[in-house]
Visitor: 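Okay, handing you the structure first.
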Number of protein chains: 2
Amino acid sequence: MHISADDLIAVLKGEGLRITEARRAICEVIAVEHDDHLSPTEVHERAQVVAKQPIDPSTVYRTLEVFERLELVHHVHLGHGPGVIHLSAADQHHHLTCDRCGATIDVPAQALEPFFSGLHDAFGFTVNPSHFALGGLCRDCEHSENSG
Amino acid sequence: MHISADDLIAVLKGEGLRITEARRAICEVIAVEHDDHLSPTEVHERAQVVAKQPIDPSTVYRTLEVFERLELVHHVHLGHGPGVIHLSAADQHHHLTCDRCGATIDVPAQALEPFFSGLHDAFGFTVNPSHFALGGLCRDCEHSENSG
DNA sequence: GTCAATGCAAACTTTTTGCAACTCC
DNA sequence: GGAGTTGCAAAAAGTTTGCATTGAC
C-alpha cells in the first residue's frame, strides 16, 4: 500500500494539528517507500535537505511522537542502534536481521500468521509482528561461518 | 541448567584471565538464577553491593564484553531500554514482551523450533532465538484493551 | 489573537575510550 | 616484574525537557 506525504498531512489536518514546514518535510521523508528503516537521526538529516532549512532534532522527535500517537508510524528495533521508523500503512511485515552483516530480510506478516496464532493459543500472547526483528544469521553469513 | 559463579570464574582462569574482586562480584550477580534480565547498569549496582566496594561502570561494561566474547553470556533486547544480560548456559528460550505492561514471558526454544526451521527453509535464515524479544500484548493487556 | 509548534540550550542516560595507576599471577 | 585490569575523567550518541519566541489557523 502506498501512502503519500499528502495523506499524512491530511490526517494531521483532520486532527486539528498545524502543518509546518518541518512537518511537511518529515512527512515527505517517511512517505518515500524505499526509505524504510530510518532512524530518527536519519529522518532529521533528510528532512533538513527536503525542507532546505535547518530543523532541530527535538522537533523531529516531537513530531515522530505525534505520528506514533496517531498510529501513522511505529518504530521497529532491528539491532543494537536506535529504533527505526516505519509507516504503519505499509505492508505489515516482520524483519529478520543478520547479527553478523546487518542484512535485513522482510517477511510478509501472513507467512508468520500460523506461528503467531500458535503462540496466542499457547500463551495468550498477541504478537505485534513489526516491533522487533528476529536476529540470527543470513544464508551467506552462515555459510561463511561453517566454512571459515 | 545451573551455573555457579565459580563455574564462570573457572572459565576465566582457563583462559588465562585474572580474577579480581570486581569480576568475582559480577560473576555472582549474573549467576543468580532468578536475576535474569539485568541491564548492565543493574549488574553494576548489584555487583557493588556484592563486592562491598565501589566498582566503575566502565569495568562492568568491559567485563561483560569479555564474557560475551567467551560466550558465557549474551544480551537480549526486551524493549526500548538497554539490552539485558543472559547466561548462555541457561535454558535457551525466547522472550515475549508486552508492549503495554512490560511483562516478559519465557518460551522454551523447542516450542519455537518448527517455526524457526520453517523460516530457515523459506529464507535461508537461521534464527538466534534469544537475541530479540517478540513484542505484543499479553493476555491481561489485550483483555483490558478490548473491554476498555 | 490564541495556542500549537519550534529552536535553542541544557540535562540525561547509556556506553565508549584514553591513560595513568594498580595488582593479580 | 609484566601484562591484564581498574578507576577516573572526558567524550560520544541518542533522547528528553524547559522556556521564550514564532507562526499557523
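Chain naming here is simple, since letters A, B, ... match the order of the sequence lines and numbering starts at 1 in each. Computed from a predicted model, the values in this text were never measured in an experiment.
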Visitor: Just the rounded figure in Å: distance from P of dT6(C) to CZ of Arg24(A).
Guide: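 Atom CZ in Arg24(A) sits about 12 Å away from atom P in dT6(C).
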Visitor: Between Arg23(B) (side chain only) and Arg18(B) (backbone N and O only), is there a donor and an acceptor less than 3.5 Å apart?
Guide: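 Pair found, side chain donor or acceptor close to backbone of Arg18(B).
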Visitor: Under 4.0 Å between a side-chain N/O of Thr20(B) and OP1 or OP2 of dC24(C), yes or no?
Guide: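 Negative; the distance criterion is not met.
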Visitor: Does dG7(C) have OP1 or OP2 sitting under 4.0 Å from an N or O in the side chain of Thr59(A)?
Guide: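 Indeed, a polar side-chain atom of Thr59(A) lies that close.
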Visitor: Quick one: Glu65(B) CD to dT6(D) P, roughly how many Å, whole number?
Guide: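 Result: 12 Å.
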Visitor: Side chain of Arg62(B), base of dG7(D): donor and acceptor closer than 3.5 Å?
Guide: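 When only heavy-atom distances are counted, Arg62(B) does reach the base of dG7(D) through a donor-acceptor pair under 3.5 Å.
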Visitor: Can you tell me the distance, in whole Å, between the NE2 atom of His75(B) and the P atom of dT15(C)?
Guide: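 My rounded result for the distance is 10 Å.
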Visitor: Specify the separation, in whole Å, of atom CD of Glu42(A) and atom C1' of dT15(D).
Guide: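 In whole Å, dT15(D) C1' lies 16 Å from Glu42(A) CD.
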Visitor: Map Ser58(A) and Ile19(A) onto DNA chain D by nearest heavy atom, then report which one ends up closer to the 5' terminus.
Guide: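 Comparing both residues, the 5'-ward one is Ser58(A).
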Visitor: How many angstroms lie between atom CG of Leu12(A) and atom CD1 of Ile19(A), to the nearest 0.5 angstrom?
Guide: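 Between Leu12(A) CG and Ile19(A) CD1, I get 4.5 Å after rounding to 0.5 Å.
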Visitor: Spell out yes or no: do the side chain of Arg23(B) and the base of dG4(D) have one donor N/O and one acceptor N/O closer than 3.5 Å?
Guide: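 No, the side chain and the base share no sub-3.5 Å donor-acceptor pair.
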Visitor: Would you mind classifying the nucleic acid contact of Pro57(A) as base, sugar-phosphate or nothing, using non-hydrogen atoms under 4.0 angstrom?
Guide: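 It contacts nothing in the nucleic acid.
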Visitor: Counting distance only, does the side-chain N/O of Thr63(B) pair as donor-acceptor with the main-chain N or O of Thr59(B) below 3.5 Å?
Guide: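 Judged by distance alone, yes, a pair lies under 3.5 Å.
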Visitor: Nearest nucleotide by nearest heavy atom, which residue falls closer to the 5' end of DNA chain C, Thr41(B) or Lys13(B)?
Guide: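 In this pair, the answer is Thr41(B).
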Visitor: Can you measure from NE2 (His77(B)) to NE2 (His77(A)) and round to the nearest 0.5 angstrom?
Guide: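 One finds 10.0 Å between NE2 of His77(B) and NE2 of His77(A).
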Visitor: How many whole angstroms separate atom NE2 of His44(A) from atom C1' of dG7(C)?
Guide: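 Rounded to the whole Å, the gap is 11 Å.
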Visitor: Roughly how far, to the nearest 0.5 Å, is the CD atom of Glu15(B) from the CG atom of Leu70(B)?
Guide: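 Rounded to the nearest 0.5 Å, the CG-CD separation comes to 5.0 Å.
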Visitor: Under 4.0 Å between a side-chain N/O of Tyr61(B) and OP1 or OP2 of dT15(C), yes or no?
Guide: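 Yes, such a contact exists.
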Visitor: Which whole-number value in Å describes the distance from Asp56(A) CG to dT21(D) C1'?
Guide: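 Going from Asp56(A) (CG) to dT21(D) (C1'), I get 14 Å.
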Visitor: In this structure, how many angstroms lie between the C1' atom of dG14(D) and the CG atom of Leu64(A), rounded?
Guide: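 Distance, rounded to whole Å: 13 Å.
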Visitor: Rounding to an integer number of Å, can you tell me how far Leu17(A) CG sits from dC3(C) P?
Guide: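 The distance from CG of Leu17(A) to P of dC3(C) comes to 15 Å, rounded to the nearest Å.
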